[in-house]
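Lettering of chains follows the sequences in order, A, B, ..., and the numbering in each one begins at 1.
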Amino acid sequence: MKKILAFVILFGLVLTGCSSDATTEVTTIDFWNPFSGPDGQVFDGIVQAFNEEYEGIYEVKTQTIADEYYEKITTTSQTGEGPDASIMHVDQVPVFAENDMIVPWTDEDLNAMNISTSDYDENIEQAMYYNNELYDIPFDVHAAGWYVNTDLIPEDQIPTSYEEFRELALAEPLVEDTYNVCMPAGMWVAYDIFLQNDVPVMSEDGSTAEFNTAEGIKAYENYMELVNSDTTQTPGDDCNQMFTLGEVGMTSDGPWMAADFDTGNINYKFIPLSSTFGEGTKFWASSHTFVKYNKDLTPEEEDAINAFVGFAIENSLMWVEANQIPAISKVKDSDEVQNDPLLGELAKDTEDFTFYPLLPTTQALTENIGVCTDSIFLGQTSVEDGLSQCSQLITDQSAIILNEE
Amino acid sequence: MKKSKSAYLFILPYMSMFLLFLVLPTLTGFYLSFTDYNGVNFGDESWVGLTNYINLIDKNSFYFSDFWKSMLITFRFCLLIVPACIFVPLFFATLINSLKRGKKAVKAMFYLPAILSVAGVAAVGTWVFDQKYGVINYVLSLFGHEGIRWLSDPVTATLSIALLTLWWSIGGNLIIYLAALSGINTDMYEAADIEGASSATKFFKITIPSISPQLMFTTIMTTIATLNIFGQSQILTKGGPNYSTRTMVMYINDTAFGPLQAAGQAAAMGIVFGLIIIFITMPHFRKVLKEI
Amino acid sequence: MKKKIRFALILALGIIWILPFFLMISTSFDANVTAIKWPITLFPESFSLEGYKEIFNNPQLPIFTWYFNSIVISTTFTILSVITFSLAGFAFAKLKFRGRNKLFYAVMLTMMIPGIMNLVPLYLIVYKMGLLGTKLSMILPGLSGAFNVFLMRQFFISIPDEIMESAYIDGASNFMIYRRIMMPMVKPALIVVALNCFMGSWNDYLWPSIVTSEPTQRTLTVGLSMVTGKYGAQFNVTLALVVVSIVPTLILYFVFQKYLLDGMNLSSGIK
């Protein structure tokens with residue numbers, strides 16, 4: 001008995017010493033990403049390509065974190081065990097910047113990457129700054145569009161204006177046992193409703209939610225008219241699932257859903273929101289960006305990071321395979337992207353992409369606006385009550401965040 | 001029983017681990033509940049005294065209604081889950097014990113879900129409760145019912161999570177009861193049979209008292225586990241719809257790591273919640289301690 | 001008659017209970033399932049090991065390393081747990097010492113605080129001890145749990161004191177009583193603790209994912225979580241991953257489950 005105990009403890013201790021790092025001249029950096037879906041394989045490919053090109057000099061060790069991505073980064077960064085650099089959604093930048101967990105990219109960094117801010121469209125460039133410092137470098141830009149099942153909705157029936165869209169949604173199904181339109185819901189839908197109707201969402205200083213106005217209510221009521229119609233789905237049904245099975249003519253989501261839709265045997269096309277809501281309509285977009293963490297890095301490590309980011313951006317055409325639109329103009333506006341069968345139409349509209357404003361209170365908006373408007377969508381609260389409660393919640397949270405400064 | 005000095009050696013391994021890895025972090029958390037720690041920079045926090053605690057009883061505070069709402073939601077889960085998780089496995093255990101054949105197979109069937117991790121259980125959950133293709137709605141469709149949107153309505157979402165938790169957890173208590181039942185001296189049953197006692201009498205007068213330590217244990221532990229529900233709720237409904245399934249642990253987690261980054265406040269919530277749990281389970285504690 | 005009904009009832013319930021489980025396993029052996037099937041079929045339409053081949057042949061998946069790590073960590077943890085918790089449980093149940101009740105009370109109180117609060121402080125402590133990334137960091141903290149000490153204590157309490165009295169009279173020390181008399185009598189409880197600890201450690205996801213940073217340090221659950229989503233709608237691969245991760249626990253269960261119904265032999269041994 002004692003022998004077993006001793007052996008086990010010894011065994012355990014021996015094993016703890018059993019991780020040794022081979023010392024070489026290769027500079028390694030720890031890079032984290034949240035791409036836990038099929039796009040993860042594409043990103044791994046980019047990392048692999050970089051490691052092959054810089055073999056013996058730099059090595060990027062990438063980790064895909066599936067859940068609680070930002071929590072893990074926060075926890076581990078406190079002991080220096082966090083990543084050296086990572087992908088970060090653009091709306092998370094303010095929080096990490098405020099807490100000094102990420103550091104701005106310098107001009108030298110950009111030079112080493114062979115890029116400059118003028119390589120990006122103005123709206124995208126604006127999303128790189130927080131408090132006038134350049135904290136994030138966008139890798140891609142993504143937004144939602146319309147998926148249209150071309151077997152169910154013939155070419156000439158595809159709406160080209162809001163009136164036509166409304167008619168289609170309210171019309172009897174073109175094909176029996178299907179829905180012409182499956183009304184989307186969620187964070188970006190709420191944001192889009194306000195954007196498209198010129199309803200301000202947050203005040204410029206980020207302290208107050210401003211969508212609880214007569215215009216905001218009217219805009220939302222128009223949306224809910226279509227949601228509550230008998231001709232559209234019952235709220236709570238899974239639009240994407242039904243679309244894959246060929247039961248829905250039109251629904252909205254981002255290009256990343258294409259991989260899932262391909263598993264159904266349907267013919268579809270992906271068109272930008274502007275086709276229904278009019279040219280020049282602004283709509284929600286987000287971006288996966290590169291950020292660098294507040295760690296003591298050696299100059300070689302900094303060089304390695306810059307080399308990797310530069311490489312990834314240079315080769316961001318590879319990212320198209322993950323159904324994402326590269327952010328840098330020379331790739332975004334290239335023929336391959338503009339004529340891509342899936343992304344092409346959306347890529348032409350990137351100048352209307354509207355990112356969440358980067359404010360200390362951005363998180364209060366993004367974390368709540370989807371959840372609290374869901375209750376309106378599901379018919380549990382009226383539009384008036386729902387928008388009132390929602391804006392109050394966001395404003396209250398913002399007050400606390402701003403007080404913490 | 002003589003007083004024993006060697007007892008301290010017996011508890012030494014456990015107590016050292018306990019102090020280092022449980023008490024120390026808890027005390028740290030307790031300290032943090034009096035600060036404005038943001039979960040990011042340990043060492044940068046400043047003292048705020050009782051503010052975080054006052055926030056939980058001040059009606060005008062931002063945290064007040066959400067905190068107590070989460071409490072209510074959590075207790076609701078408790079009421080739904082705990083009795084079922086005590087009586088159902090007990091029933092199964094006695095039945096299994098009385099079987100002449102097939103004990104092993106039946107035991108395994110009920111226990112196996114318990115070996116899944118939370119993620120696995122949630123995966124099963126999304127499948128079973130899926131509105132279009134879930135198992136439950138499939139069965140309902142055989143009766144002509146159009147199916148229920150399980151996860152979109154607060155009531156059914158709560159029920160779904162409760163049911164899923166039940167499915168998962170029954171195995172754990174089942175094996176404890178089986179182990180306990182196996183230890184009962186059969187002499188007592190034979191004596192009762194001689195006196196002509198009925199099954200019910202035997203059950204209530206012999207079985208239950210004999211396994212009362214384990215019954216006590218499972219009641220307390222199941223209650224605590226239910227009060228701490230996090231994983232299934234998070235993965236299945238993310239606390240929705242409209243925060244109606246956001247349990248206390250989820251809310252604490254959101255407060256600490258969410259947009260508010262109020263880890264100090266979250267720590268205070270944890271302490272208050274813990275105190276309330278202690279208050280509820282205290283009568284049972286006394287019973288447990290009096291057993292010796 | 002009644003027995004047959006009882007048996008049928010419990011069999012039916014058992015089948016319902018295990019159905020999702022069974023479907024999961026059977027789908028993992030199906031050839032390239034890419035969409036939710038309707039209606040649900042009990043057995044794979046075309047049997048295939050494709051899902052499993054994908055996992056084991058993928059160079060990006062150091063699955064054997066992960067398996068090894070998990071097995072070492074969980075086994076060590078289980079053995080240490082059974083020893084530590086039974087020693088403490090026995091002392092709290094049967095040995096008299098100063099402050100026993102108060103101490104046990106304190107131990108039970110700590111169970112009431114939601115564990116999530118301890119996450120960050122615990123992480124900092126483990127870091128200060130220099131244990132981040134090591135197997136010890138995934139073994140030692142779990143030994144502080146009050147759950148299994150409580151369980152062991154309850155089982156030891158059920159043993160009549162007379163047994164100890166006669167052993168004392170025979171000149172036995174506490175440790176001898178513990179080792180030769182008490183432990184064999186609570187075998188079912190030990191099995192429960194061993195199963196719980198092994199499963200708890202094996203399935204633990206959040207903590208190992210925070211303390212490990214290198215792929216070679218990771219456990220199976222953490223490693224799989226990073227990979228599962230990358231197979232998107234290929235359910236056979238995803239489910240194969242799940243099946244692969246539950247095999248050791250299943251084996252453990254089937255090996256030890258007969259002890260769960262063994263009697264505690266109260267009437268044998270000590271006279």
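- Taking the six-membered ring where the residue is Trp, the centroids of B:Phe217 and C:Phe147 are separated by under 6.0 Å.
- Both the backbone and the side chain of B:Leu20 come within less than 4.5 Å of a heavy atom in chain C.
- When heavy atoms are compared at a cutoff of 4.5 Å, B:Ile252 approaches chain C solely by way of its side chain, counted from C-beta outward.
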Chi angles and distances behind the side-chain contact (heavy atoms from CB on, under 4.5 Å) call for C:Phe175, B:Phe10: CA-CA 9 Å; C:Phe175 191 72; B:Phe10 275 83; 4.0 Å; yes
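- Under a 3.5 Å cut-off, the side chain of C:Gln154 and the backbone N or O of B:Pro213 do form a donor-acceptor pair.
- Of the listed residues C:Leu11, C:Leu9, C:Leu13, C:Ile246, the one with more heavy-atom pairs under 4.5 angstrom with chain B than any other is C:Leu13.
- The closest side-chain heavy-atom distance from C:Val107 to B:Phe18 is below 4.5 Å.
- When side chains are defined from C-beta on, B:Met109 does not count as touching C:Phe22, because their heavy atoms never get closer than 4.5 Å.
- Atom CG of residue B:Leu178 and atom CD1 of residue C:Ile191 lie 13.0 Å apart, to the nearest 0.5 angstrom.
- Taking the six-membered ring where tryptophan is involved, the planes of C:Trp17 and B:Phe110 are perpendicular, since the angle between them exceeds 60° and thus also 30°.
- Residues C:Met108 and B:Ile220 approach most closely at CE-CD1, 4.4 Å, considering heavy atoms.
- Contact annotation for B:Tyr37: only side-chain heavy atoms (C-beta onward) come within less than 4.5 Å of a heavy atom of chain C.
- The line from CD1 of B:Ile278 to OH of C:Tyr105 is 7.5 Å long, rounded to the nearest 0.5 Å.
- Neither the backbone nor the side chain of B:Tyr31 comes within contact range of chain C; no heavy atoms are under 4.5 Å apart.
- Chain B forms more heavy-atom pairs under 4.5 Å with one residue of C:Val149, C:Val126, C:Leu252 than with any other, namely C:Val149.
- Looking at B:Leu275, neither its backbone nor its side chain comes within 4.5 Å of chain C, counting heavy atoms on both sides.
- In this structure, chain C has a heavy atom under 4.5 Å from the side chain of B:Tyr8, while its backbone stays farther away.
- The CG atom of C:Asn196 sits 5.5 Å away from the CD1 atom of B:Ile175 when rounded to the nearest 0.5 Å.
- Inter-residue side-chain proximity for C:Val120 and B:Leu32 is flagged as unmet; no heavy-atom pair is nearer than 4.5 Å.
- The two residues C:Val192 and B:Ala179 come nearest to each other via the heavy atoms CG2-CB, 4.3 Å.
- For a residue to count as touching a neighbouring chain, one of its non-hydrogen atoms must lie under 4.5 Å from one of that chain's; by this rule B:Met15 touches chain C with the side chain only.
- Proximity to chain C (any heavy atom under 4.5 Å) is shown, for B:Ile271, by both the backbone and the side chain.
- Between chain B and the residues C:Leu103, C:Leu109, C:Thr221, the most heavy-atom pairs under 4.5 angstrom are made by C:Leu109.
- For B:Ile115, the parts lying near chain C are the backbone and the side chain together; criterion is any non-hydrogen pair under 4.5 Å.
- With C:Asn174 contributing its side chain and B:Ser6 its backbone, the two residues share no donor-acceptor pair below 3.5 Å.
- With hydrogens and angles disregarded, no donor-acceptor distance shorter than 3.5 Å links the side chain of B:Tyr14 to the backbone of C:Ser81.
- In this structure, C:Tyr253 and B:Tyr111 have parallel ring planes: the angle between them is below the 30° cut-off, well short of the 60° mark.
- Note that OG1 of B:Thr28 and CD1 of C:Ile125 are 5.0 Å apart. Values are rounded to the nearest 0.5 Å.
- Counting heavy atoms from C-beta outward, C:Thr110 and B:Thr26 have side chains that stay 4.5 Å or more apart.
- Residue C:Phe85 touches chain B through its side chain alone, counting heavy-atom pairs closer than 4.5 Å.
- When C:Ala91, C:Ala88, C:Pro141 are compared by the number of non-hydrogen pairs under 4.5 Å with chain B, C:Pro141 comes out ahead.
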